[in-house]
Each structure stands twice: as structure tokens, then as C-alpha cells.
Undergrad: 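Quick one: structure below, then a few questions.
Quick caveat: nothing in here was measured; it's all calculated off a predicted structure. In each ligand, atom 1 is the first atom listed, and ligand 1 is the first ligand listed. Residue numbers start at 1 and run along the sequence shown.
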Amino acid sequence: METPKKIFLPDEESTKKLGKEFAQKLTPNSVLLLQGNLGAGKTTFIQGLGEGLGISEPIVSPTFTLINEYLEGKIPLYHIDLYRLNPEQVKHLHLQNYWEGIEVEAGITAIEWSDLLPQLPPHYWQIILELTPDSSRNAFITYI
Ligand SMILES: Nc1ncnc2c1ncn2[C@@H]1O[C@H](COP(=O)(O)OP(=O)(O)O)[C@@H](O)[C@H]1O
Ligand SMILES: [Mg+2]
């Protein structure tokens, strides 16, 4: 495991830009596990990612819908938010189908509140977003 890469994000635009640039290095079957408090910038990062994948449909928080699938970009994007669920409910979603490509087209799976996953994928990008005292953000990125 490499040491996390720390990136300072002074404003919303830089969080989006990080996501947009990140999209360029992702291949189908990539998994991004996003951690960080409410308002840390997880959805914002994924909005940038969507832009980088060429998705024109607005990326909205899946807090209520749980899973949003975007199929128009160069790689499908599966955006998941586990915030309102408990571990037992998460287990029943069979999210491993996304990264194993079972009955779905191989794509990028991005999961907010991934701490609730009962089972981790074999490899993933861990993206931790942290609020700084001056209301900017830090990102810590590790490939595991
Ligand atoms: N680097 C940043 N600096 C300041 N504000 C940011 C930054 N990144 C995102 N934001 C803002 O933080 C708010 C919450 O972001 P959001 O992505 O919805 O958080 P989360 O999905 O982690 O709950 C949004 O208003 C967004 O514009
Ligand atoms: Mg969110």
C-alpha cells in the first residue's frame, strides 16, 4: 500500500477539478470509496469525475435514491450513497455486482459513506475528504 497523497483544495472548483482529472486515469471496474463528514465534498468530487467522463446529465446526491447510474459517458458511472443505511441493508444491495461486472456493464463505482460496506473490493481508491478550520478541504488519496 502506498502512502496517501495529500492534496489541498482551497475551494469547490478545486474539488471538482481534482475529480475531473482523476477520471482520466480510471479504467472500467475501478472502485472509489469516499470517506469524510457530511459536507466534506464527496458529491462535489464525483460531479467533477462525471464531467471528466463526459457525462452532461447533472450529478445529484444519491442520498435518497441510493444508487444513480450514468451511462452516457466514456465509461459508465455508478454513484452510490450509503449514508442512510445500516450494514445489514448494505449487504442486501449486493454492491459487489458493480465491481465484478455481474449483470451490469463494467464501469466506475463511486461510493459515499463507504465505511458501511461489509466487504471491500480487492482493490480500490480510498479518497478521504477533510474539512480544514478555514473551510477549505484536504483530500488524501491512496490506491489499496
Ligand atoms: N474544497 C472546497 N472548499 C470549500 N467548499 C467546498 C470544497 N469542496 C466542496 N465544497 C462545498 O461543500 C459543500 C458540500 O459538498 P458535498 O460535495 O455535497 O459534500 P458531501 O457529499 O461530502 O456531503 C458544497 O456546498 C460544496 O460546494
Ligand atoms: Mg454527498
Side-chain angles (χ1 to χ4, degrees), residues 1-100 104-121 123-144:
M1 194 173 94
E2 35 172 314
T3 43
K5 192 175 163 199
K6 181 178 176 180
I7 301 149
F8 177 61
L9 303 168
D11 50 27
E12 177 187 355
E13 229 15 75
S14 41
T15 306
K16 279 204 176 134
K17 186 163 165 268
L18 179 65
K20 190 175 172 180
E21 289 168 358
F22 206 77
Q24 307 316 318
K25 64 169 153 197
L26 296 178
T27 52
N29 294 321
S30 299
V31 182
L32 278 60
L33 302 187
L34 292 108
Q35 296 170 20
N37 291 337
L38 201 63
K42 302 178 293 297
T43 301
T44 307
F45 177 91
I46 297 167
Q47 285 167 342
L49 191 83
E51 197 186 324
L53 293 171
I55 296 166
S56 56
E57 192 184 334
I59 302 228
V60 291
S61 177
T63 299
F64 296 96
T65 48
L66 303 181
I67 303 176
N68 290 338
E69 301 190 347
Y70 301 90
L71 306 175
E72 62 170 303
K74 64 175 184 180
I75 306 174
L77 173 64
Y78 307 116
H79 182 192
I80 296 155
D81 189 331
L82 304 178
Y83 183 55
R84 308 176 73 82
L85 302 182
N86 64 45
E88 191 60 22
Q89 290 169 315
V90 173
K91 201 170 102 188
H92 288 111
L93 290 176
H94 296 286
L95 294 175
Q96 65 273 17
N97 285 358
Y98 282 105
W99 53 83
E100 288 171 2
V104 294
E105 196 187 329
I108 294 165
T109 308
I111 308 181
E112 298 188 39
W113 298 98
S114 61
D115 338 37
L116 284 157
L117 282 179
Q119 202 190 326
L120 293 171
H123 293 287
Y124 55 93
W125 292 95
Q126 181 186 58
I127 299 167
I128 301 174
L129 291 157
E130 165 192 271
L131 269 145
T132 67
D134 66 349
S135 295
S136 294
R137 310 288 190 270
N138 284 315
F140 299 88
I141 300 183
T142 322
Y143 184 70
I144 292 167

Undergrad: Got a sec, which residues hit side chain to side chain contact (heavy atoms under 4.5 Å, CB included) with Asn37, two or more places apart in sequence or on another chain?
TA: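 Asn37 satisfies side chain to side chain contact (heavy atoms under 4.5 Å, CB included) with no other residue.
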
Undergrad: Assess whether a salt bridge exists between Lys17 and Glu13, defined as any Lys/Arg side-chain N lying under 4.0 Å from an Asp/Glu carboxylate O.
TA: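 Answer for the salt bridge query: no.
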
Undergrad: Measure the spacing between NZ of Lys5 and CD1 of Ile141 and express it to the nearest 0.5 Å.
TA: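 Rounded to the nearest 0.5 Å, the NZ-CD1 separation comes to 7.0 Å.
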
Undergrad: Roughly how far, to the nearest 0.5 Å, is the NE2 atom of His123 from the CG atom of Leu120?
TA: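 If we round to the nearest 0.5 Å, Leu120:CG and His123:NE2 are 12.0 Å apart.
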
Undergrad: Ser14: which residues meet the side chain to side chain contact (heavy atoms under 4.5 Å, CB included) condition with it, sequence neighbours left out?
TA: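 If we apply the side chain to side chain contact (heavy atoms under 4.5 Å, CB included) test to Ser14, skipping adjacent residues, the hits are Leu9, Pro10, Asp11.
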
Undergrad: Quick one: ligand 1 N/O to protein N/O pairs below 3.5 Å?
TA:
{"residue": "ligand 1", "atom": "1 (N)", "partner": "Leu9", "partner atom": "O", "Å": "2.9"}
{"residue": "ligand 1", "atom": "1 (N)", "partner": "Asp11", "partner atom": "O", "Å": "3.0"}
{"residue": "ligand 1", "atom": "1 (N)", "partner": "Thr15", "partner atom": "OG1", "Å": "2.9"}
{"residue": "ligand 1", "atom": "8 (N)", "partner": "Thr15", "partner atom": "OG1", "Å": "2.8"}
{"residue": "ligand 1", "atom": "12 (O)", "partner": "Arg137", "partner atom": "NH2", "Å": "2.9"}
{"residue": "ligand 1", "atom": "15 (O)", "partner": "Thr44", "partner atom": "OG1", "Å": "3.4"}
{"residue": "ligand 1", "atom": "17 (O)", "partner": "Thr43", "partner atom": "N", "Å": "3.2"}
{"residue": "ligand 1", "atom": "17 (O)", "partner": "Thr44", "partner atom": "N", "Å": "2.7"}
{"residue": "ligand 1", "atom": "17 (O)", "partner": "Thr44", "partner atom": "OG1", "Å": "2.6"}
{"residue": "ligand 1", "atom": "19 (O)", "partner": "Gly41", "partner atom": "N", "Å": "3.1"}
{"residue": "ligand 1", "atom": "21 (O)", "partner": "Thr43", "partner atom": "N", "Å": "2.9"}
{"residue": "ligand 1", "atom": "21 (O)", "partner": "Thr43", "partner atom": "OG1", "Å": "2.9"}
{"residue": "ligand 1", "atom": "21 (O)", "partner": "Glu112", "partner atom": "OE1", "Å": "3.2"}
{"residue": "ligand 1", "atom": "22 (O)", "partner": "Ala40", "partner atom": "N", "Å": "3.2"}
{"residue": "ligand 1", "atom": "22 (O)", "partner": "Gly41", "partner atom": "N", "Å": "3.0"}
{"residue": "ligand 1", "atom": "22 (O)", "partner": "Lys42", "partner atom": "N", "Å": "2.8"}
{"residue": "ligand 1", "atom": "22 (O)", "partner": "Lys42", "partner atom": "NZ", "Å": "2.7"}
{"residue": "ligand 1", "atom": "23 (O)", "partner": "Gly39", "partner atom": "N", "Å": "2.8"}
{"residue": "ligand 1", "atom": "27 (O)", "partner": "Glu12", "partner atom": "OE1", "Å": "3.1"}

Undergrad: Among the protein atoms near the Mg ion (ligand 2), how many are N, O or S and lie under 2.8 Å away?
TA: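 For the Mg ion (ligand 2), the figure is 2.
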
Undergrad: With a sphere of 6.0 Å drawn around NZ of Lys74, does it hold more than 12 non-hydrogen atoms of other residues, nucleotides or ligands?
TA: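 Enclosed.
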
Undergrad: Suppose we call two aromatic rings close when their centres sit under 6.0 Å apart. Are Tyr124 and Trp99 close by that rule?
TA: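 So the answer is no for these two rings.
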
Undergrad: Quick one: pull up CD1 in Ile55 and CG in Leu71 and give me the separation to the nearest 0.5 Å.
TA: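 It is 8.5 Å, given to the nearest 0.5 Å.
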
Undergrad: Give, for atom CD of Glu112 and atom CG of Leu33, the distance between the pair rounded to the nearest 0.5 Å.
TA: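 Output value for this atom pair is 11.5 Å.
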
